[in-house]
Amino acid sequence: MDEFIAERRACQDTLWSTCHPLPGVRKLVEHLAKHKIPMAVATGSISRNYKLKAAHHPEIFDHFKNRAICGDDPRLKGCGKPRPDIFLLAAELLGRKVGEGDVSSLDAEGKEGRALIEERSGGLVLEDSINGLEAGQRAGMKTIWVPDERLRALAPGKTFGADCVLESLEQFRPEEWGLPPYDS
């Protein structure tokens, strides 16, 4: 197994520089940055791989500065997606008070629980994976699923509870989510 992982890593390392952002990503990130909308990255990738991917696209990833949480972040204590922890930690990095744990564990009848639920509902998660989509939902945030077409082909018509499903981020309309619209 270790040999396989080493070979895979070596192969991936030769390919990171050839990866291109998905259509619509750069436009969206630059638009949100222009309007000073707080953003974070919450990826299941290990830090090493994230840094290698991000290094080739500073025009995108420089907007996130120190607001990127990777799957191997020790603050997650091994609780990756579909647990909500990665999105809650990302929200905290943006200065939001969101508490801990699954949204279903919050006391919706109590003042503090209602406040946390309300705060979490202001978050917007853009996800390509089913586990990430579930993590965003369990965090109590709005979710937009933008799956790879090959993943989508495995479950045509299924939304997995997403608030919205897009084929591409080029279809994203910020004003539909309470954000400033794109410039014409």
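Hydrogens, waters and symmetry mates are skipped; everything else that's a heavy atom, side chains included, is used.
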Requested in this report: Can you tell me which residue pairs pass the ring-ring contact (aromatic ring centres under 6.0 Å, His included) test with a partner in residues 87-141, sequence neighbours excluded?
Outcome: none
Requested in this report: Quick one: list whatever passes side chain to side chain donor-acceptor pair (under 3.5 Å) with Trp16, sequence neighbours left out.
Outcome: Asp13
Query raised in the report: Do Leu126 and Leu28 have side-chain heavy atoms sitting under 4.5 Å apart?
Result: yes
Query - Residue pairs, two or more places apart or on separate chains, that pass side-chain hydrogen bond (donor to acceptor under 3.5 Å, both in side chains) and touch residues 53-66 - result: Ser45-Lys53, His57-Glu59
Requested in this report: Examine Val146 and Ile60 and state if one hydrophobic cluster contains both, with Ile, Leu, Val, Met, Phe, Trp and Tyr joined whenever side-chain heavy atoms are less than 4.5 Å apart.
Outcome: yes
Query raised in the report: Can Leu22 be reached from Leu124 by stepping across I, L, V, M, F, W or Y side chains whose heavy atoms are under 4.5 Å apart?
Result: yes
Report task. Might you point out which heavy atoms bring Ala162 and Leu133 nearest each other, and give the distance in Å? Result -> CB-CD1, 3.7 Å
Query raised in the report: Is there any side-chain hydrogen bond (donor to acceptor under 3.5 Å, both in side chains) pair reaching into residues 105-120, and which pairs are they, with sequence neighbours excluded?
Result: Arg96-Glu119
Report summary line: Residue pairs passing the salt bridge (Lys or Arg N to Asp or Glu O under 4.0 Å) test with at least one member in residues 130-144, sequence neighbours excluded, are Asp102-Arg138, Glu134-Arg138
Query raised in the report: Pairs in or reaching into residues 154-166: which pass salt bridge (Lys or Arg N to Asp or Glu O under 4.0 Å), with residues at least two apart or in two chains?
Result: none
Query - Closest heavy-atom pair and its distance - Lys81, Ala135 - result: CG-CB, 4.0 Å
Report task. Go through the steps for Cys70 and Ile46 under the test side-chain contact (heavy atoms from CB on, under 4.5 Å), then give the verdict. Result -> CA-CA 6 Å; Cys70 295; Ile46 62 172; 5.9 Å; no
**Report entry** Rounded distance [0.5 Å steps], CD in Gln12 versus CZ in Arg48
**Finding:** 8.0 Å
**Report entry** Of all pairs that satisfy side-chain hydrogen bond (donor to acceptor under 3.5 Å, both in side chains), the ones with a partner from residues 26-41, not counting sequence neighbours
**Finding:** Arg26-Glu30, Lys34-Asp183
Requested in this report: Taking all heavy atoms of Pro147 and all of Val165, pick out the closest pair and write down the distance.
Outcome: CD-CG1, 4.3 Å
Query raised in the report: So, Lys97 side chain and Ala115 main chain: donor-acceptor pair closer than 3.5 Å or not?
Result: no
Report task. State, with a plain yes or no, whether a side-chain heavy atom of Glu127 is found less than 4.5 Å away from one of Thr143. Result -> no
**Report entry** Asp73: side chain to side chain donor-acceptor pair (under 3.5 Å) partners, not counting sequence neighbours
**Finding:** Arg75
Query raised in the report: Rounded to the nearest 0.5 Å, what separation is found between the CG atom of Leu169 and the CG atom of Asp128?
Result: 9.5 Å
**Report entry** Within one Ile-Leu-Val-Met-Phe-Trp-Tyr cluster: Val29 and Trp177, side-chain cutoff 4.5 Å
**Finding:** yes
Report task. Kindly write out the residues that satisfy ring-ring contact (aromatic ring centres under 6.0 Å, His included) with Phe64, not counting sequence neighbours, or none if the list is empty. Result -> none
Report task. Measure the spacing between CG of Leu179 and CZ of Arg173 and express it to the nearest 0.5 Å. Result -> 13.0 Å
Report summary line: Closest non-hydrogen contact found for Leu88 with Gly101 is CD1-O, 3.5 Å
Query raised in the report: When you look at Val41 and Tyr50, which way does the side-chain contact (heavy atoms from CB on, under 4.5 Å) test go after all the steps?
Result: CA-CA 10 Å; Val41 171; Tyr50 171 77; 3.9 Å; yes
Query raised in the report: Tell me, which pairs form a salt bridge (Lys or Arg N to Asp or Glu O under 4.0 Å) where one or both residues lie in residues 145-154, sequence neighbours left out?
Result: Asp148-Arg150
Requested in this report: Search all heavy atoms of Ala91 against all heavy atoms of Met141 and return the closest pair with its distance.
Outcome: CB-CE, 4.0 Å
Query raised in the report: Quick one: ring-ring contact (aromatic ring centres under 6.0 Å, His included) pairs with a partner in residues 95-149, sequence neighbours left out?
Result: Trp145-Phe160
Report task. Quick one: which residue pairs count as a ring-ring contact (aromatic ring centres under 6.0 Å, His included) with a foot in residues 88-113, not counting sequence neighbours? Result -> none
Report summary line: For Pro156 and Leu154, the nearest pair of non-hydrogen atoms, with its separation, is CD-C, 3.5 Å
**Report entry** Side-chain heavy atoms of Leu76 within contact of Leu89, under 4.5 Å
**Finding:** yes
Query raised in the report: Above 12 or not: heavy atoms from other molecules or residues under 6.0 Å from CD of Glu167?
Result: no
Query raised in the report: Step by step, would you call Ile130 with Leu151 a side-chain contact (heavy atoms from CB on, under 4.5 Å)?
Result: CA-CA 9 Å; Ile130 295 169; Leu151 176 59; 4.1 Å; yes
